[in-house]
2 protein chains.
Amino acid sequence: MKVSKETMAEHQGQIVAAAAKSFRERGFDGISVADIMNEVGLTHGGFYRHFSSKDDLVAAASLRAISETIAKWRRIVDETPGDRLEALVNSYLSLRHHDRPETGCLVAALGGELSRQSCTVKEAVTKGQRELIDFLSGVAPGKTKALRRKQAIVALASMVGGMTLARITSDSELCLEILSDVAGAIPNSVRATV
Amino acid sequence: MKVSKETMAEHQGQIVAAAAKSFRERGFDGISVADIMNEVGLTHGGFYRHFSSKDDLVAAASLRAISETIAKWRRIVDETPGDRLEALVNSYLSLRHHDRPETGCLVAALGGELSRQSCTVKEAVTKGQRELIDFLSGVAPGKTKALRRKQAIVALASMVGGMTLARITSDSELCLEILSDVAGAIPNSVRATV
DNA sequence: ATTATCTATAGATCTATAGATAATGC
DNA sequence: ATTATCTATAGATCTATAGATAATGC
């Protein structure tokens with residue numbers, strides 16, 4: 001029942017990918033190690049050869065989810081000739097992202113839960129958070145580096161909060177109102193940030 | 001072991017208050033019905049005379065947490081002679097609020113989890129969310145009602161997202177940077193919102 | 001008589017481990 | 001020989017219910 005080193009590395013990648021998706025969909029407590037192993041087609045006993053605990057997987061999966069977001073942002077920026085920050089904001093605050101938390105932003109999907117995780121997890125998330133801010137700083141329009149960073153932080157906060165508010169409502173009209181109001185306000189806010 | 005109607009009503013209030021606090025502190029899955037009843041000084045078996053399920057309590061506690069926030073906002077607004085929206089924003093994005101999720105904003109503490117709750121819970125939360133938006137609309141500076149509402153939504157999104165980002169970081173410097181950048185940007189954003 | 005609370009427990013679920021199995025890789 | 005996976009299970013925990021108890025309120 002042993003597999004080759006390559007296959008084992010592949011399995012580990014599949015476990016992290018499945019976890020990154022399922023955690024965003026159901027929350028860290030909403031899915032078990034056995035469920036995740038089952039998705040990959042393995043039994044849960046084998047999990048502990050890959051990770052020392054579920055917490056370890058939570059950290060790895062969180063970092064992976066943020067990497068997926070950065071990769072998507074990179075793709076959008078490369079495809080956009082005009083205002084790149086605006087393109088990112090519109091993609092983030094889209095109905096498509098609203099409906100698909102499992103492939104979207106980790107912070108919007110699991111914000112409150114992340115803050116209650118172990119140090120290991122929070123350090124992984126902080127690393128990812130810095131990458132998100134740095135990436136947005138690179139497309140912000142400010143004249144100085146400090147200003148671009150400030151614009152990035154402010155835009156990210158609006159994006160995370162806007163999606164969070166849109167997702168908790170059971171009123172689809174209010175949901176659309178929030179998404180479009182916040183998306184419309186970010187460019188103004190960015191320009192006005194001094 | 002039966003108690004009077006008044007005492008029972010009091011117990012129910014204590015259960016909801018304890019739940020509203022503990023849920024914000026540990027998450028909906030982080031505390032059991034038995035734990036909450038224990039905090040109040042009752043045994044867990046008695047719980048089901050007050051609520052038909054834990055989900056019922058989650059809905060009641062969520063609404064109560066939002067009511068606490070509105071009450072606090074009302075107090076701040078009554079005490080503030082100057083810019084009332086700015087006072088609310090500074091209180092929301094304070095280190096004090098950052099350190100005390102258990103008495104703070106439900107959405108910032110449990111945002112992602114709320115979106116995965118039952119219809120009962122989401123409807124209660126939507127009701128509370130409308131109250132938050134309406135309250136902020138009342139102190140926003142816009143000239144028309146529609147504009148004030150837009151400013152309220154945009155400000156609330158920045159507040160929720162700013163606190164979420166500040167709480168997930170393990171870097172205290174980055175935490176302070178986020179809180180002050182977002183708090184500083186909201187007044188600009190509100191003025192610029194058309 | 002009614003019922004709020006308590007005691008006890010059924011039934012389900014979850015993390016982590018122990019030991020067996022069989023394929024890899026020296 | 002080593003080890004990735006599987007089978008089985010220990011130990012803990014959680015929601016919800018059943019039946020007993022004792023105080024309320026008609």
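Every chain is numbered from 1 and lettered A, B, ... according to where its sequence line falls, protein lines coming before strand lines. Here the structure is a predicted model, which is why all the values come from computation and not from measurement.
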Is there a side-chain hydrogen bond (donor to acceptor under 3.5 Å, both in side chains) between A:E102 and A:S22? Walk through the geometry before answering.
CA-CA 7 Å; A:E102 73 276 12; A:S22 294; over 6 Å; no

Please check if the number of heavy atoms outside A:R116 that lie under 6.0 Å from its CZ is greater than 12.
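Enclosed: over 12 neighbouring heavy atoms sit under 6.0 Å from CZ of A:R116.
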
Does B:K21, at its NZ atom, have more than 12 non-hydrogen atoms belonging to other residues, nucleotides or ligands within less than 6.0 Å?
no

Could you tell me the Watson-Crick or G-U partner of C:dT3, where both distances fall under 3.5 Å? Say none if there is no partner.
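With both distances under 3.5 Å, C:dT3 matches D:dA22.
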
Which nucleotide, in any strand shown, forms a Watson-Crick or G-U wobble pair with C:dT9, with both distances under 3.5 Å?
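Pair assignment: C:dT9 / D:dA16.
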
With a 4.0 Å cut-off on heavy atoms, is A:T7 in touch with a base, just the backbone sugar-phosphate, or nothing at all?
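The residue A:T7 makes no contact with any strand.
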
Report, one pair per line, the protein and nucleotides 19-22 of chain C atoms (nitrogen or oxygen only) whose separation is under 3.5 Å.
unit_1: C:dA22; atom_1: O4'; unit_2: A:M1; atom_2: N; d: 3.0

CA sep, side-chain torsions, deciding dist, call: B:Q129, A:I168, side chain to side chain contact (heavy atoms under 4.5 Å, CB included):
CA-CA 9 Å; B:Q129 187 183 18; A:I168 66 172; 3.8 Å; yes

Once you round it to whole Å, what is the distance between [atom2] of [N] and [atom1] of [X]?
{"X": "A:N38", "N": "C:dT13", "atom1": "CG", "atom2": "P", "result": "14 Å"}
{"X": "B:F23", "N": "D:dC14", "atom1": "CZ", "atom2": "P", "result": "12 Å"}
{"X": "A:Y48", "N": "D:dA8", "atom1": "OH", "atom2": "C1'", "result": "15 Å"}
{"X": "A:K5", "N": "D:dT5", "atom1": "NZ", "atom2": "P", "result": "14 Å"}
{"X": "B:H50", "N": "C:dC6", "atom1": "NE2", "atom2": "P", "result": "9 Å"}
{"X": "A:H11", "N": "C:dT24", "atom1": "NE2", "atom2": "C1'", "result": "14 Å"}
{"X": "B:K54", "N": "D:dA16", "atom1": "NZ", "atom2": "P", "result": "9 Å"}

Relative to the 5' end of DNA chain D, which residue comes earlier, B:S4 or B:F28, by the nucleotide with the nearest heavy atom?
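Taking each residue's closest nucleotide, the earlier one in sequence belongs to B:F28.
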
Can a donor-acceptor pair under 3.5 Å be found between the side-chain atoms of A:H44 and the base atoms of C:dA16?
yes

Using 30° and 60° as the class limits, which term best fits the ring planes of A:W73 and A:F135: parallel, tilted or perpendicular?
tilted

Proximal nucleotide (of C:dC6, D:dT15, C:dA4) relative to the B:V33 side chain
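That would be D:dT15.
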
Nucleotide nearest A:S32 (side chain, heavy atoms from C-beta), chosen from C:dA4, C:dC14, D:dT5
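The closest nucleotide is C:dC14.
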
Full working for side chain to side chain contact (heavy atoms under 4.5 Å, CB included) between A:V190 and A:V154
CA-CA 8 Å; A:V190 163; A:V154 171; 6.0 Å; no

Please determine, by modelled atom types, if B:D171 and A:T126 share a side-chain donor-acceptor pair under 3.5 angstrom.
no

Criterion side chain to side chain contact (heavy atoms under 4.5 Å, CB included) on A:L57 and A:F28, from CA distance to verdict
CA-CA 10 Å; A:L57 176 64; A:F28 293 128; over 6 Å; no

Which residues, if any, of residues 55-62 of chain A bring a heavy atom under 4.0 Å of DNA chain D?
none

Against A:S170, only a single residue in B:K127, B:Q117, B:E123 fulfils side-chain contact (heavy atoms from CB on, under 4.5 Å); can you say which?
B:E123

